[in-house]
Amino acid sequence: MADNRIAPGRTAQRFSKVKWSLDSAIADFINEAAHLKERENWEAERQADVNIAWYRGHQMLMWSKAAKQLRLKPNPWRRVRLMANILAPLVDGWVAKIGLDKIRFNVRPATDDLEDHDTAEMSRGILRNYQEMLKFNQRVVAPLDKWAILTGESYCKVLWDPGAGGDIPVQDAEMAMLPANVQRQVRKGIQRGDVAVVDVPYFNIFWGPPGLPFDEADWVLEIYDRSIPYVQARYDVDMEAIAAGQKDKLTGRIWRSADTSTFGQRALTDDPEIVRVYVLWARPNPGMNDLTKGFHAVQVGDKIIQKGEIPYQHKRIPIVQVKFSEVSGNPRGHTPVTDVLPLQADINRNISQQAENRELVANPVWMAAAGSIVDLNEWTNRPGGIRFYRGTKPELESGSAMPDQVNTQLAQSVRFAQDLIGLRDVSQAKNPPNVRSGRAILALREADDERLGVFAEARREFFADIGRLMLQTISQYVTEERLIRVMGQEDEGRVRRFTGSMLTGQATGPGTNYFDVIVETAGLSHSPAARMENVAALASQGFLRPEDPRHERVVFEVLGLQNEARYGLDKTRDARETQRRRNEIMLRGGYEPPNLWERHETMLEELQMFMEKILSRAGIEDQTRQRIVPNFVRYESEIIKLMAVRTLRLQMLTKQAMQEFIQKQGAPQQFAGDRVAPQLPIDQPVPGLQMNAPPGLTESMAGG
C-alpha cells in the first residue's frame, strides 16, 4: 500500500518546481504537504485537541507523545477523581454573548447611479434571503464562533454545490430535441445547484509555506474522509478510479463529525467504503506560468481525479479565516481557553482532595494489630453491629478537617479563570460580593463585553468576506431565474426574480465594486438594565422624546423590542409599505396619486425620507432627475392638500357642533372659529386637486 510519508533524508518537493500538468507531480506534492502538516501542525493540533476534550468534560485525559493522542491518565486505587467543569459554561457563555451580535448583511452601491442602488438592494435581499434558507445563525455562525473560541481559529468555505437546489424539470418537447446520450443523463435529473457555506474543521486544513499567515499562503490543502458514493456523486468519477484511492493509508489526525470522543487519531484502514480526499488550492501567481489563474486539484488516495484553474471567476481561494486573538510573531490564533486549563486542573485537584478529606473525617482509619480482626469482610465502617477481635483492641485514627485556606484557594482559582475568560459573576447573573450599586454592576458587565471587542470587529469583517464570496459565486453560476423574498425594514416581504447577471451593472473602472458587502451590527447586546439606562440618559439630555412618534421606534430598538414595535404598537405599517411601493413606481417614471382616506402624515414622512435619501444624491444625472423629480413634487403637493382638506373640514365640523351646542344652551355667541377658520364650503373640492375617493364617500363626509 502507498504511504504518504516522506522517506528519511528526502527533500520535500518545492512548490515553485511542481509541474502542474503532470498528475504524478501534483500527487507527490499533495502527499508531501500532508506529511508536512503532521510535522508542522503537531503542537497546535495537540493543544486544540486538549481544549476540545476538556470542554467536553474529558478532563482526565493527558497527551501521549508516543501515541500522539489523548490517553486516560491512570488513577491510583481508592483515590477520588472529581471534575468540576467550569470551562464548558464559560465557553458557552462566550459563544452566546458573541452570538448576540447578530450578522446582518448589507451591500453598498457601486456608484450613485439609481440603477446601481437597485442592484445593491437586490444583492442585499439575496444575501438576507440566503441567511434564512441556510439557517445561517444556527448552522454557520454558531459553529464558527465555537471553533474560534476553542481553538483560536475558524475557517469557512464558500463554494458552488452542483448537487443542491433540487432538480430542473424538462418538458417532453424539450427532451425530444436532445441527443440520446444527453437524454439518458437528463432523465437521471438535472440539478439546479446552489451556493454552500460550510465550516472547515481546524484539524483538516493546512497551508504553506509554513510560518506564513493564512492570507499570505501560496497554497491551501484540505483533507477529508469521504464515502465512495459521496465522491462518485460529487466529482462525477467512476468506481474504478475511486477504488484506486483505497490503496492509500488513512494516516494523520483529522476531524470527523462522528468523532465525539476526542481521543485522538483513528485510522480507518479497514473500511472499504471510506477513502481519503485531498483538495488543493493554489493562489494565482503572475510570476508562474501555470498559476496565472490559480490552481485547483482533487486527489483520492494517490489518484488525481480533478485538476485545472480555480473554477470561480473571483480567482480567490474560497476559504476565509478568522482568529480569536493574535500573538505577535505567531501566525496561528490564540484563545484564553488554553490559559484556563491549568486553573481548571487546580480546581479539579482541589475539590478531589476536599472530597477525600471529607470521606476520611466521616470514616476515620482503624488502627489494629496484625491478626487482631477475625473477619475483614465483616469489618465495615457502618455504625452498629458486632465486631470480633483478638488481642489488642482496634482504635480509630481520627483525621483533621481541611483548613479554611483550601476553600479560599478554590474561590481564587474560579475567580482567576473568570478573569481570563472574561465572564465574571455579573455576566452569569450572579451578584458580585460587596457590590450593591447598579452602575457598578453595569460597569463590570461592560468590562466583560470589552474583552470580546477585538474579536467582534474581526468577526464582522470575516462574515462580510463570506458575503462577498457568496454574491460572487451566485453571480457566476445562477443563469436561470430564481425567486427570493426581499424583506424590508418593517419586515414586509416582496417576492422578486433574479439571475446572476442582475448583480452587476454597467459601471467599470478603478474602485467599482458590485460586491461591496458589509456587516451591520448594533454591537454586543447590552443587558436590559443597561439599555434602560441608555434610554433614560438620552431622554434626560433631550436627545429622545418618547412621546414623539418618530422617536418611538428608536426607543423600542434601543430596548430590544423591535418586534413589539412592528407588530403590536406600530399602527402605520401598512401606510409605510404602500408609500414605499409608490416611491418605487415614481422612481421608474410612473405615478399613483394619494387617496383621501389614507394616513397622510405617515406617508408624507416616508416620502420625504425617501426623497432625502435618493433624490438628493449628487451622483444622479440631470436627465434622470428631470424625469422623476416632477412626480415626487406633484405627489407631495397633493398629499399636503389632502391633509389641508382634512384639517379644514375638521374645523368646520367643530364650528357646527359648537354652534349647535350653544343654541341648545340658549346663549347665542360668536364662535371663535369664525375669526380663524377660512370660509371653505365643505361640499366643494379644493381647486386644482382631484379627489380619489370611492363613490359616496365625499358626499357622506360633507353631510356630516
Glu222: which of Lys157, Lys37, Arg276 passes salt bridge (charged side-chain N to carboxylate O under 4.0 Å, His left out):
Lys157

Check: Phe105 ring centre within less than 6.0 Å of Phe463 ring centre
no

Nearest 0.5 Å, what's the SG-CG distance between Cys156 and Asp199?
7.0 Å

If we ignore angles and hydrogens, is there a donor and acceptor under 3.5 Å between the side chains of Tyr230 and Gln232?
no

Establish, from distance only, whether the side-chain atoms of Glu326 and Asn330 form a donor-acceptor pair under 3.5 Å.
no

Straight-line distance of Met122 CE to Met502 CE, nearest 0.5 Å
4.0 Å

First locate atom CG of Asn137, then atom NZ of Lys102, and finally report the distance between them rounded to the nearest 0.5 Å.
5.0 Å

Can you check whether Gln299 reaches Ile305 side chain to side chain, under 4.5 Å on heavy atoms?
no

Tell me if a side-chain donor or acceptor on Arg56 pairs with a main-chain N or O of Ala88 at a distance below 3.5 Å.
no

Do Asp215 and Gln321 have side-chain N/O donor and acceptor atoms under 3.5 Å apart?
no

So, is the end of the Arg226 side chain (NZ or CZ) under 6.0 Å from the ring centre of Tyr224 and within 45° of the ring's axis?
yes

Would you please name every residue forming a salt bridge (charged side-chain N to carboxylate O under 4.0 Å, His left out) with Asp23, sequence neighbours left out?
Lys307

What heavy-atom pair brings Leu221 and Ala33 nearest, and what distance separates the two atoms?
CD2-CB, 3.9 Å

Within the distance-only criterion (no hydrogens, no angle test), does the side chain of Ser475 pair as donor or acceptor with the backbone N or O of Gly500 below 3.5 angstrom?
yes

Can a donor-acceptor pair be found between the side chains of Asn41 and Arg332 at a distance below 3.5 Å?
yes

Decide yes or no for Val478 and Phe498: does some side-chain heavy atom of the first lie under 4.5 Å from some side-chain heavy atom of the second?
yes

Please tell me if the side chains of Val197 and Leu134 come closer than 4.5 Å, counting only heavy atoms from C-beta onward.
yes

Going from CG on Leu469 to CZ on Phe515, what distance comes out if it is rounded to the nearest 0.5 angstrom?
10.5 Å

Any salt bridge linking Glu481 with Arg497? Criterion: basic side-chain nitrogen under 4.0 Å from a carboxylate oxygen.
yes

Where is the tightest heavy-atom contact between Tyr278 and Ala34, given as atom of each residue plus distance?
CE2-CB, 3.9 Å

At their closest point, which heavy atom of Pro336 faces which heavy atom of Trp94, and how far apart are they?
CG-CH2, 3.7 Å

Can you spot which of Trp20, Trp281, Phe15 makes a ring-ring contact (aromatic ring centres under 6.0 Å, His included) with Phe295?
Trp20

Sequence neighbours excluded, which residues qualify as side-chain hydrogen bond (donor to acceptor under 3.5 Å, both in side chains) partners of Arg124?
Asn106

Can you check whether Asp225 reaches Val275 side chain to side chain, under 4.5 Å on heavy atoms?
no

Only pairs at least two apart or in different chains count here, so list each side-chain hydrogen bond (donor to acceptor under 3.5 Å, both in side chains) that has a residue in residues 503-518.
Arg108-Asp516, Asp116-Tyr514

Specify the closest pair of heavy atoms between Ala456 and Ile98, including all atoms of both residues, with the distance to one decimal.
CB-CD1, 3.8 Å

Below 4.0 angstrom, N of the basic side chain to O of the carboxylate: do Asp92 and Lys146 qualify?
yes

Is there side-chain contact between Leu144 and Val322, with at least one heavy-atom pair below 4.5 Å?
no

Any salt bridge linking Asp465 with Arg468? Criterion: basic side-chain nitrogen under 4.0 Å from a carboxylate oxygen.
yes

Ring centroid separation for Phe136 and Tyr130, is it under 6.0 angstrom?
no

Any side-chain heavy atom of Val231 sitting closer than 4.5 Å to one from Arg234?
no

If you look at every heavy atom in His314 and Pro318, which pair is closest and at what distance?
CE1-CB, 4.5 Å

For a quick test of reading the model, state the closest non-hydrogen atom pair linking Arg460 to Val519 and the distance between them.
O-CG2, 3.4 Å

Just do the side chain to side chain contact (heavy atoms under 4.5 Å, CB included) check on Trp147 and Tyr155 with the steps written out, would you?
CA-CA 8 Å; Trp147 274 113; Tyr155 303 86; over 6 Å; no

Does either side chain, that of Asn51 or that of Thr338, offer a donor lying less than 3.5 Å from an acceptor on the other one?
yes

Considering only NZ, NE, NH1 and NH2 on the basic side and carboxylate oxygens on the acidic side, decide whether Glu480 and Arg482 come within less than 4.0 Å.
yes

Compare all side-chain heavy atoms of Val277 with those of Tyr235 and state whether any distance is below 4.5 angstrom.
yes

So do Ile304 and Ile30 actually touch side chain to side chain, heavy atoms under 4.5 Å?
yes

Within this structure, what is the CE-CH2 distance for the pair Met83 and Trp54, rounded to the nearest 0.5 Å?
7.5 Å

Please report the interatomic distance CZ(Phe206) to CG(Leu36), rounded to the nearest 0.5 Å.
4.0 Å

So, do Phe29 and Trp219 have ring centers that fall under 6.0 Å from each other?
yes

